[in-house]
**Q** 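I have a structure I would like to understand better, so I am pasting it below and will then ask my questions one at a time.
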Amino acid sequence: MTNSVDNIFAAPLDKLGDFQFDQQVAEVFPDMIKRSVPGYSNIITAIGMLTKRFAQDDSTLYDLGCSLGAATLEMRRHVEASNCHIIGIDNSPAMVERCQLHVNAFKSETKVSIICDDIQHIDISNASVVILNFTLQFIKPAQRQALISKIYQGLRPGGLLLVSEKLRFDNDIAQTLLTDLHHDFKRANGYSELEISQKRNALENVMLTDTLDIHRQRFHTAGFATSELWFQCFNFSSMIAIKAPAQENNHD
């Protein structure tokens, strides 16, 4: 399947609505991500490495907001635990359709199911790895804690949650600098001032970012024993949260 060049915001738009993951975006998504999100390929590579380390036998692996399946496929390539089931969920029919084609293109013994639904409607159970790769920022802020807590409850002891997000910063100097550096990154990848401006305006009502402290507090409130920022490039980050292993029974 060929990937098209992202020029969605290249011409002036008479009516600039909220950003949507529609057919138009699905067609150019790989190019959009590569040129817009610094470090994205490193994060995908790490998802494979973490899957190899944390996936447990007879468990479920979730990719919540799977888009075209980059993380789903990376998990499937690297999972070594036996009898795992990977479930990718996205609420965009256009994304799910293309994701299913990508999954079908490669044979694997690991079962993969791609579901079109709101991730907030999905039950999380028997999970050893859960991925939220630039997904949480599109959930309403008031609903984010409930989702993280639901994931925690559905994780097995020792299970891993990975959350990648664009961050905001309370310090105005840092916020301005890191935003400017991100825009420089996009300019270096061929985006015009008009494209940068129009996409920013389209996203401002649908992608509401949090500070790192808010993410840390959310993990703590959910019950995670360990959480850590493992990657940051400008205002883009990825974090891991690990559920405590089961306590061994020390009774005689």
**Q** Quick one: pull up CD in Q120 and CD1 in I89 and give me the separation to the nearest 0.5 Å.
**A** 12.0 Å
**Q** Search all heavy atoms of P93 against all heavy atoms of N91 and return the closest pair with its distance.
**A** CD-O, 3.3 Å
**Q** Under a 3.5 Å distance rule, please check whether Q100 uses its side chain to pair with a backbone N or O of M95 as donor and acceptor.
**A** no
**Q** S128 vs L61, test: side-chain contact (heavy atoms from CB on, under 4.5 Å). Steps then yes/no.
**A** CA-CA 6 Å; S128 60; L61 286 54; 3.6 Å; yes
**Q** Would you call D123 and K150 a salt bridge, using N to O less than 4.0 angstrom?
**A** no
**Q** Would the distance check show the side chain of Q175 and the main-chain N or O of R168 forming a donor-acceptor pair, the cut-off being under 3.5 Å?
**A** no
**Q** Using modelled atom types only, decide if a donor and an acceptor are shared between the side chain of R76 and the backbone of K111 within a distance under 3.5 Å.
**A** no
**Q** Quick one about D58 and N83 (side-chain donor to acceptor, distance below 3.5 Å, no hydrogens or angles considered), yes or no?
**A** yes
**Q** Under the 6.0 Å and 45° cation-pi test, does K243 pair with Y152?
**A** yes
**Q** Is a donor from one side chain sitting under 3.5 angstrom from an acceptor on the other, for R156 and Q56?
**A** yes
**Q** Taking only distance into account, with no hydrogens and no angle test, what donor-acceptor pairs under 3.5 Å do side-chain atoms of residues 227-241 form with protein atoms, sequence neighbours excluded?
**A**
residue, atom, partner, partner atom, Å
W230, NE1, S238, OG, 2.9
Q232, NE2, F234, O, 2.9
S237, OG, E165, O, 3.0
S238, OG, S164, OG, 2.9

**Q** What distance separates H220 NE2 from F224 CZ, expressed to the nearest 0.5 Å?
**A** 12.5 Å
**Q** Quick one: which of I43, I47, L161, L64 gives a side chain to side chain contact (heavy atoms under 4.5 Å, CB included) with I131?
**A** I47
**Q** Please check if the side chain of D57 supplies one atom and the backbone of A81 the other of a donor-acceptor pair under 3.5 Å.
**A** no
**Q** Check whether R144 reaches the backbone of I139 with its side chain - one donor and one acceptor, N or O, closer than 3.5 Å.
**A** yes
**Q** Checking D63 side chain against T72 main chain: does a donor-acceptor pair fall under 3.5 Å?
**A** yes
**Q** Begin with the C-alpha distance, continue with both residues' side-chain angles, and end with the deciding distance and a verdict on side-chain contact (heavy atoms from CB on, under 4.5 Å) for I119 and L147.
**A** CA-CA 9 Å; I119 62 171; L147 177 60; 3.7 Å; yes
**Q** Between L178 and L167, is the side-chain contact (heavy atoms from CB on, under 4.5 Å) condition met? List the steps.
**A** CA-CA 10 Å; L178 293 167; L167 296 176; over 6 Å; no
**Q** Whether the side chain of H182 engages the backbone of S36 through a donor-acceptor N/O pair (distance < 3.5 Å, no angle test) should be reported.
**A** yes
